[in-house]
Structure formats: C-alpha cells, structure tokens
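The next block holds one structure in the form of structure tokens; read it before the comments.
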There are 2 protein chains.
Amino acid sequence: MKSTILETGEPIGGGGDGGRAAEASLHGEILIRLRDHVVEGNIPDGGRVPERQLCELFGISRTPLREALKVLAAEGLIELLPNRGARVRALSERDIEELFDVMGGLESLAGRLACENVSDAEIAEIERLHYEMYGFYLRSDMHNYFLINQRIHERIVAASRNETLRATYATFAGRIRRVRYSANFARKRARWAEAMREHEMILDALRRRAASELADILFHHLRNKRTAAVEQMGAPAEIMTPPSQL
Amino acid sequence: MKSTILETGEPIGGGGDGGRAAEASLHGEILIRLRDHVVEGNIPDGGRVPERQLCELFGISRTPLREALKVLAAEGLIELLPNRGARVRALSERDIEELFDVMGGLESLAGRLACENVSDAEIAEIERLHYEMYGFYLRSDMHNYFLINQRIHERIVAASRNETLRATYATFAGRIRRVRYSANFARKRARWAEAMREHEMILDALRRRAASELADILFHHLRNKRTAAVEQMGAPAEIMTPPSQL
DNA sequence: TACCACAAAAATGAATGCAAAAATTGGTAG
DNA sequence: CTACCAATTTTTGCATTCATTTTTGTGGTA
C-alpha cells in the first residue's frame with residue numbers, strides 16, 4: 001500500500017463538483033492535471049490535443065487519458081471531432097458574451113441566496129477584503145486588486161450555502177479563466193473606478209440583505225465586465241503568447 | 001431524427017451541451033442512451049450500475065461504456081466509488097433544494113436576458129401557450145398542464161438567446177427530472193392556483209420586458225416549486241417503484 | 001449459533017492490440 | 001513549377017487482455 005492513493009471510499013464526481021474530489025484513481029488525477037494543462041493555456045486555442053504525447057507526458061496509457069478527454073469535452077473546455085481527435089475549444093466573441101452572462105446569472109443567484117444565509121462574521125470578512133481591495137485600487141496595484149476581487153466573489157458564492165452552485169460556478173470560472181486573465185489587463189482607469197463603485201453597492205446591498213437588489217447589481221456588474229472583456233478582445237494587439245509549448 | 005448516426009463533422013460536446021450533439025461515435029450514442037436509462041429510473045436510487053450487464057444490454061464493450069460513466073459522473077447523475085463501481089446518485093432533500101435554487105437562478109437569468117432579446121412573435125407564442133395551459137388548469141388536466149408548463153419555461157430559455165445557458169439548463173433539468181415528475185403529482189389545488197397566478201405575472205413582466213422584475217418572479221416561482229417538491233418528499237407514501245430492474 | 005479466516009469468484013481499473021479513418025508523403029502528369 | 005492522386009504513416013475508436021481489489025462463499029472454531 002502506497003502513500004499517494006487515498007483509501008477512503010469517498011465518492012467521485014458526486015455533485016458535478018468542479019473537480020475538487022476525484023484525486024484518487026489515476027483517471028481522476030489525470031482529469032485534474034489535464035484540465036489544468038488546458039486551462040493554463042499550454043495548448044493554443046483550437047490546437048490539437050495529441051493523445052500520444054500527453055500519454056507519455058503523464059506517463060500513462062491512453063485509456064484513462066481518453067476518459068478524461070470525454071469529461072473535459074462535456075465541460076466544454078475542449079471539443080471532440082469524430083475520428084479527428086480533441087481540440088482546445090476556441091471561444092468566439094459570442095461564446096464569451098454568453099459565458100459572462102451565465103456567470104452573471106450565477107453570481108446574481110449567489111448574492112440572492114447569500115442574503116438569506118450570510119452571517120455577520122462573513123459580512124465583516126467581506127468588508128475587510130473590500131477595504132483591502134480599495135487600498136490596492138488607490139495604489140493602482142492591478143494584480144492584487146484582481147486577486148482580492150476574485151476572493152470577494154468567491155466569498156459571496158460560499159455564503160450562498162449552495163454546494164451545487166459553488167461547483168457550477170467553479171466550472172464556468174475555469175472556462176473563461178484565460179479570458180478573464182487577459183481582460184484583467186484592460187487597464188482602463190474609467191472602468192476600474194466604475195467597478196469599484198459597483199463593489200461598494202454590492203457591499204451595501206449585502207449589509208442590508210437586500211436580495212433582489214443585490215441580484216440586480218451583481219448581474220449588471222458582470223455585464224459590465226463582459227463589455228470590458230469584449231472591448232479588450234476587439235483590439236488585442238499582442239495576444240498573450242502561451243509560455244512556449246514543447 | 002434521421003437514421004441515428006449523423007455523418008457531419010459537427011463537434012461533440014462543444015458547449016457543455018446537454019447531450020444534444022454527439023450522436024455520432026458509439027461513445028456519444030452510449031452516453032445518451034445510458035443517461036436516458038438512468039434518468040428514466042431504470043435503476044433505483046443508490047443502486048449499482050453494473051458495467052457487465054449494460055455492456056451486453058447495449059451490445060458494446062466496456063471501454064465506451066466506461067467513458068460514458070465518467071461523463072455522467074461529471075454531470076452529477078451518478079457517483080463513482082474507487083474500485084467499487086458506479087452508483088445512481090441518490091438525491092438528498094438538501095440536494096433537491098440546491099438544485100431547485102440553481103434552476104431558479106438559471107430561469108431568472110433566462111427571463112432577464114429574454115427581456116433583452118425576445119421578439120413580439122415569441123411573446124405571442126408564449127401567450128398562446130399560457131392560455132392553452134390555463135385551459136388545462138380549468139379542466140384540472142394535470143398532465144397536459146405540466147407539459148405546456150415545461151414548454152413555456154423552455155421558450156423563455158430559448159428567448160434568452162444564450163446557447164450556453166440553454167445547455168446548462170438542460171443538464172440541470174435532467175438531474176431533477178425524476179423529482180419533478182413525482183413532485184408533479186402533488187395535486188395540491190392551492191399550490192396549483194398559486195402557480196397559475198405566478199405564470200400570469202411572468203407573462204405580464206415579459207410583455208413589459210421588465211427584466212429585473214421578471215428575474216425576481218421567476219426565482220420565487222421556482223422557490224415555491226422547491227417548497228412544494230420538498231413537502232411532497234416528506235410524505236411520499238408510495239414511492240414510484242421503478243419498473244423492475246433485471 | 002455466531003463469528004472469523006481464508007479461498008474462490010466477480011468486478012473494477014488500466015494497458016495493450018487491432019481495424020478503420022485521417023493526415024502526410026511521394027510521385028506523376030499537366 | 002503546380003495541381004492532383006496514390007501509398008505510407010499516423011492517429012483514432014473500440015475490443016480485448018491483464019493485474020488488483022472487492023465481494024462472495026465456505027468451513028472451522030469458540
């Protein structure tokens with residue numbers, strides 16, 4: 001008996017979970033590693049996902065790898081062409097609009113449910129993060145601003161007390177991760193200030209536990225992010241070159 | 001539907017689609033058939049999903065079947081226990097609450113987006129369905145009422161013009177299909193009347209294209225469905241016995 | 001009779017093998 | 001030199017095989 005495999009009987013994939021469980025059973029590990037491999041942009045958009053190479057990269061046979069590919073296809077991260085293998089799914093502008101809107105719907109829901117369930121301590125924690133983020137905004141520290149921003153949204157989702165929602169949110173977040181990353185670099189000060197104001201409204205509505213209002217604000221917040229992201233796409237100039245792929 | 005297999009090079013799983021495409025490639029067909037097999041309740045809750053038997057049922061080898069199992073696990077329909085095979089995922093009361101809330105969030109979003117995009121013709125069609133449904137309500141024709149009800153909700157989702165949302169909605173709808181079916185049999189006249197009133201509000205808000213308002217109404221509509229479903233669960237008396245499983 | 005140990009049987013997880021389809025290469029004709 | 005076609009190579013999809021693990025069944029013992 002080795003040290004890597006866990007011996008618990010914990011179920012895998014129980015809740016369409018965003019890939020949290022399933023570390024056991026080779027296939028599960030490969031799924032996670034392959035997902036990361038794709039999400040992190042090691043393969044260019046629309047590029048082929050060569051089974052053979054990945055097999056030796058991960059040191060496994062094709063069977064578990066192909067199982068993972070099927071799952072990633074179901075998640076929408078890659079697409080499978082009959083007899084022509086897997087490709088990294090290139091997101092069209094429309095795809096990105098749709099994804100941001102769905103994210104908006106999910107965050108909107110999260111806010112609504114959070115108003116029902118959030119504790120005072122959680123609000124206090126979100127407030128703390130908010131002011132921390134505000135500090136980075138004042139200092140124009142984009143990177144740390146973005147990090148805290150993410151955490152605030154995650155806290156709201158967590159406060160919704162809905163594990164199904166959390167897992168679904170995680171899946172979609174992974175799907176647009178690359179885009180969000182680059183959209184992040186749209187250093188438009190105007191949009192940034194607007195986002196900051198929206199975050200103040202979010203916090204205010206959450207404090208008052210105004211569910212419908214928070215739902216509205218969050219949807220529009222994401223809608224504005226969508227606009228910013230799409231504008232950024234229009235004039236990319238220099239696309240982030242993936243860190244070289246063997 | 002044509003002769004089952006389609007020869008187009010259409011990608012599979014392109015959008016996390018709810019199983020619409022992918023009829024090609026044995027694996028894809030098996031995925032659909034197996035999903036139906038589970039959703040339709042041929043295997044009891046928590047029951048084992050025997051690979052061997054299903055293989056000969058479908059007349060295939062274990063490889064494509066196992067690929068399908070992995071996907072269904074990712075969708076949350078079944079769960080995989082390491083070295084102990086697949087089981088049909090039994091939904092706890094909490095699971096069902098979560099699922100209804102997520103469905104509420106998705107329909108809420110659909111309504112919001114529909115207000116942006118719905119055409120007059122689509123509204124007219126939904127109105128037509130609404131009055132047709134009203135007729136079944138008056139005649140206490142539960143079955144047809146439910147069918148039209150489903151179609152109205154689908155029309156709203158379609159009017160959102162968001163394919164990603166549509167696919168996600170379809171996946172979750174499949175996940176609670178069994179529950180909805182039995183919840184449907186909760187013939188509480190009071191709840192039924194309430195639902196009818198809510199539908200009138202939905203139609204009204206859609207006509208006025210009042211996005212936030214419609215979002216609210218749809219969420220609460222689903223929340224009420226959730227309450228009804230959970231109450232129904234509490235006193236099931238006779239659980240729908242699955243039509244015997246070899 | 002209840003319980004535990006042990007062995008046989010079955011099922012799972014992963015690797016390998018094989019046929020078919022696609023991509024690639026080489027060659028030829030125009 | 002280019003366009004087109006055929007043969008080779010590669011890749012994909014599925015079946016089969018092999019090694020573990022779990023489950024089942026049996027017998028012995030307290």
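Computed from a prediction, not measured in an experiment: that's the story for all the values here. All chains are named by letter (A, B, ...) in the order of the sequence lines, taking the proteins before the strands, and each is independently numbered beginning at 1.
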May I have the distance from A:Asn83 (atom CG) to D:dG13 (atom P), rounded to whole angstrom?
6 Å

Please determine whether any donor N or O and acceptor N or O are separated by less than 3.5 Å between the side chain of A:Arg62 and the base of D:dG13.
yes

Geometric cation-pi criterion, A:Arg112 with B:Phe219: 6.0 Å, 45°:
yes

Within the 4.5 Å heavy-atom criterion, are A:Arg166 and A:Glu163 side-chain neighbours or not?
yes

Please report the distance, rounded to the nearest Å, between CG in B:Leu81 and C1' in C:dT12.
12 Å

Between C:dA14 (C1') and B:Leu65 (CG): distance, integer Å
16 Å

Evaluate the side-chain proximity of B:Thr164 to A:Arg175: yes if any heavy-atom separation is below 4.5 Å, no if none is.
yes

Ranking D:dT12, C:dA22, C:dT12 by distance to the side chain of B:Glu51, first place goes to C:dT12

B:Leu26 has an atom CG; how far is it from atom P of D:dT12, in whole Å?
18 Å

Heavy-atom nearest nucleotide on DNA chain C taken for A:Gly59 and for B:Val49; more 5' hit belongs to B:Val49

Under 4.0 Å between a side-chain N or O of A:Arg84 and OP1 or OP2 of C:dA23?
yes

With a 3.5 Å cut-off and just heavy-atom distances, do the side chain of B:Thr63 and the base of D:dA15 make a donor-acceptor pair?
yes

Atom-pair distance (CD on A:Glu67; P on D:dG13), nearest Å
14 Å

Once you round it to whole Å, what is the distance between P of C:dG13 and CZ of B:Arg52?
15 Å

Report the relative orientation of the aromatic rings in B:Phe58 and B:His37; use parallel for angles under 30°, tilted for 30 to 60°, perpendicular for over 60°.
perpendicular

B:Arg66 side chain: which of D:dT12, C:dA15, C:dT12 is closest?
C:dT12

Below 4.0 Å: OP1/OP2 of D:dT12 and any side-chain N or O of A:Arg48:
yes

Exercise: identify the closest heavy-atom pair between A:Ala86 and A:Ile78:
CB-CD1, 4.0 Å

Between D:dA15 atom P and B:His27 atom NE2, what is the distance in whole Å?
13 Å

Between C:dG13 (C1') and A:Glu29 (CD): distance, integer Å:
14 Å

